[in-house]
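Inspection log for the structure reproduced underneath, given as structure tokens.
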Amino acid sequence: MKKLTLLLCVVIASVSLNGQISTPAPSPSGKIMQTVGLTDVSVEYSRPSMRGRTIFGDLVPYDKLWRTGANKNSMITFGDDVTIAGQEVKAGSYAIFTKPGLTSWEVVFYSDTNNWGTPQNWDDSKVAAKTTVEVYNMPSNVESFTMSIDELHNNGATLGMMWEKTYVGVAFEVPTAAKAVKSIETVMNGPSANDYFAAASYYHEEGKDLAKAKEWIDKAVSMNDKAFWMMRRQSLIYAKMGDTKGAIEAAKKSLAVAEAAGNADYVKMNKDSLKEWGAL
């Protein structure tokens, strides 16, 4: 009985030691996802709270680099190239570092996002953009540090940061006009050579309407006279339709372009087919 009791105590102690206790994080993580114009933007950060403390000028000193939140550095991700204070920032993720001041903040977008807090060794070459923005005093306290993407319009938005009675905002521009024009032109111009090629290849491989496949592959080849892979598909579609003469003509064109491009695989495939069709 004593041995059994001792064994049960060991099992209970093991469960207690190995179990995980879940408690609220002092600075819980937050994430914002927002489409600005036609560009996806997201922000990930931790949210410390005031808890009766004085924040700016005390807990967060003035004129010293701040991680802009708590825990791992705050991070913003742009789906497209954007512009911040006249500086082009490539699509990707950036840490957001700040130097809070009494009347203005310096805001830095830093390409190295793998820092717990501020970087041990600052590297100016990793600064994608830097700007100084004005501090706005709010009438009442914001208890938890908050980031936002607001003042949305078709061509940009503002990254907002607020805590205590302080608000700062960094405007950024997105390439909505260029993306919209490109989209409109693409649709209005109709399918591309690659679209026609993909459709023809699918119909050919699945044994669907070969007449339609021929129409599409002819269109693709007419739009790109350097695409030996499209001419190769054209020859195979013609052959499957029983048009050996057309298949040979297409294969010879594909062979010539493939040789000029130095593509040995397509050279061999075309020669093999031409032999099969009695042209070599």
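We count residues from 1, following the sequence as given.
- More than 12 heavy atoms of other residues, nucleotides or ligands shown are found within 6.0 angstrom of NZ on K179.
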**Request:** Verify side chain to side chain contact (heavy atoms under 4.5 Å, CB included) between W229 and D265, making sure each step is shown before the conclusion.
**Result:** CA-CA 10 Å; W229 59 94; D265 291 339; over 6 Å; no
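- Side-chain contact check for K31 versus V43: every heavy-atom pair is 4.5 Å or farther apart.
- A donor-acceptor pair under 3.5 Å is formed between the side chain of R67 and the backbone N or O of N71.
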**Request:** May I have the step-by-step check of side chain to side chain contact (heavy atoms under 4.5 Å, CB included) for V41 and I76, ending in yes or no?
**Result:** CA-CA 7 Å; V41 180; I76 189 166; 4.0 Å; yes
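- Residue pairs meeting the ring pair (Phe, Tyr, Trp, His ring centres under 6.0 Å) criterion with at least one partner in residues 131-154, sequence neighbours excluded, are Y45-F145, W66-F145, F145-W163.
- Among K245, K252, K253, the single residue meeting the salt bridge (charged side-chain N to carboxylate O under 4.0 Å, His left out) criterion with E249 is K253.
- Side-chain atoms of N194 and S192 form no donor-acceptor pair, as typed in the model, at a separation below 3.5 Å.
- Centroid-to-centroid, the aromatic rings of F172 and F78 come within less than 6.0 Å.
- The shortest heavy-atom contact between S235 and A251 is CB-N, 3.7 Å.
- No continuous path of hydrophobic side-chain contacts links V82 to V181 [ILVMFWY only; heavy atoms under 4.5 Å].
- Between M147 and L159, some side-chain heavy-atom pair lies under the 4.5 Å cut-off.
- The one candidate from L102, V135, T166 that meets the side chain to side chain contact (heavy atoms under 4.5 Å, CB included) condition with F56 is T166.
- One hydrophobic cluster holds both M269 and I217 under the rule that ILVMFWY side chains link at heavy-atom gaps under 4.5 Å.
- Shortest non-hydrogen contact noted between A129 and Q87 is CA-OE1, 3.3 Å.
- Distance check, rounded to the nearest 0.5 Å: CE of M231 to CG of N224 gives 7.0 Å.
- Here the closest non-hydrogen pair linking F228 and A261 is CE2-CB, 3.7 Å.
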**Request:** Please lay out, stage by stage, how S93 and T113 fare under the test side chain to side chain donor-acceptor pair (under 3.5 Å).
**Result:** CA-CA 7 Å; S93 297; T113 61; over 6 Å; no
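- Here the closest heavy-atom approach between residue K240 and residue H204 is recorded as NZ-O, 3.4 Å.
- The backbone N or O of T68 sits less than 3.5 Å from a side-chain atom of S74, completing a donor-acceptor pair.
- For W122 and F97, the distance between ring centers is under 6.0 angstrom.
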**Message:** Show, in sequence, the C-alpha distance, side-chain angles and deciding distance for D80 and V174, and conclude whether the side chain to side chain contact (heavy atoms under 4.5 Å, CB included) test is met.
**Reply:** CA-CA 7 Å; D80 296 303; V174 294; over 6 Å; no
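- In this structure, the side chain of E143 engages the main chain of M50 through a donor-acceptor pair within 3.5 Å.
- Among N141, T146, V168, the one residue that satisfies the side chain to side chain contact (heavy atoms under 4.5 Å, CB included) test with M162 is T146.
- More than 12 heavy atoms of other residues, nucleotides or ligands sit less than 6.0 Å from atom NZ of K72.
- Within the 4.5 Å cutoff, no side-chain heavy atoms of V89 are placed close to those of T83.
- Checked by atom type, the side-chain pair D40/T35 shows a donor-acceptor distance below 3.5 Å.
- Within the 3.5 Å criterion, the main-chain N or O of G117 finds no donor-acceptor partner in the side chain of N115.
- A chain of hydrophobic side-chain contacts below 4.5 Å, direct or via other Ile, Leu, Val, Met, Phe, Trp or Tyr residues, connects L280 to I248.
- With a 4.5 Å cut-off on side-chain heavy atoms, K64 and K99 do not count as touching.
- In this model, a donor atom of one side chain and an acceptor atom of the other lie less than 3.5 Å apart for E151 and T158.
- For R47 and S27, the side-chain atoms include no donor-acceptor pair closer than 3.5 Å.
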**Request:** Go through the steps to decide whether N73 and T118 satisfy the test side chain to side chain contact (heavy atoms under 4.5 Å, CB included), and finish with yes or no.
**Result:** CA-CA 7 Å; N73 49 237; T118 56; over 6 Å; no
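- Between E44 atom CD and S42 atom OG the span is 5.5 Å, to the nearest 0.5 Å.
- Under the 4.5 Å side-chain heavy-atom criterion for ILVMFWY residues, a single connected hydrophobic cluster contains both I55 and V107.
- Between E164 and R53 the shortest heavy-atom distance is OE2-O, 4.3 Å.
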**Request:** Could you give me the CA-CA distance, side-chain angles and deciding distance for Y110 and Y94, then say whether ring pair (Phe, Tyr, Trp, His ring centres under 6.0 Å) is met?
**Result:** CA-CA 5 Å; Y110 197 73; Y94 299 90; 9.6 Å; no
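- Put simply, the side chain of T98 never gets that close to the backbone of I96: no donor and acceptor are under 3.5 Å apart.
- For NZ of K208, the number of neighbouring non-hydrogen atoms (other residues, nucleotides, ligands) closer than 6.0 Å is 12 at most.
- Side-chain contact, S46 with S29: no donor N or O sits under 3.5 Å from an acceptor N or O.
- At most 12 heavy atoms of other shown residues, nucleotides or ligands fall within 6.0 angstrom of atom CE in M33.
- Between R233 and S254, the closest side-chain pair of non-hydrogen atoms is not below 4.5 Å.
- Under the 4.5 Å side-chain criterion, counting only non-hydrogen atoms from C-beta, V170 is in contact with F109.
- Nearest heavy-atom pair across M223 and P191 is CE-O, 3.7 Å.
- L210 is listed as a side-chain neighbour of M241, based on a closest heavy-atom distance under 4.5 Å.
- Between the side chain of N270 and the backbone N or O of Y266, at least one donor-acceptor pair lies under 3.5 Å.
- Checked by atom type and distance alone, the side chain of E88 never pairs as donor or acceptor with a backbone atom of D81 at under 3.5 Å.
- A single hydrophobic cluster is not seen to contain both L65 and V60; linkage of ILVMFWY side chains at heavy-atom distances under 4.5 Å, directly or through other members, places them apart.
- By the 4.5 Å heavy-atom criterion applied to side chains, K212 and E215 are counted as neighbours.
- For an aromatic pair to be called close, the ring centres must be under 6.0 Å apart, and W216 with F197 fails this.
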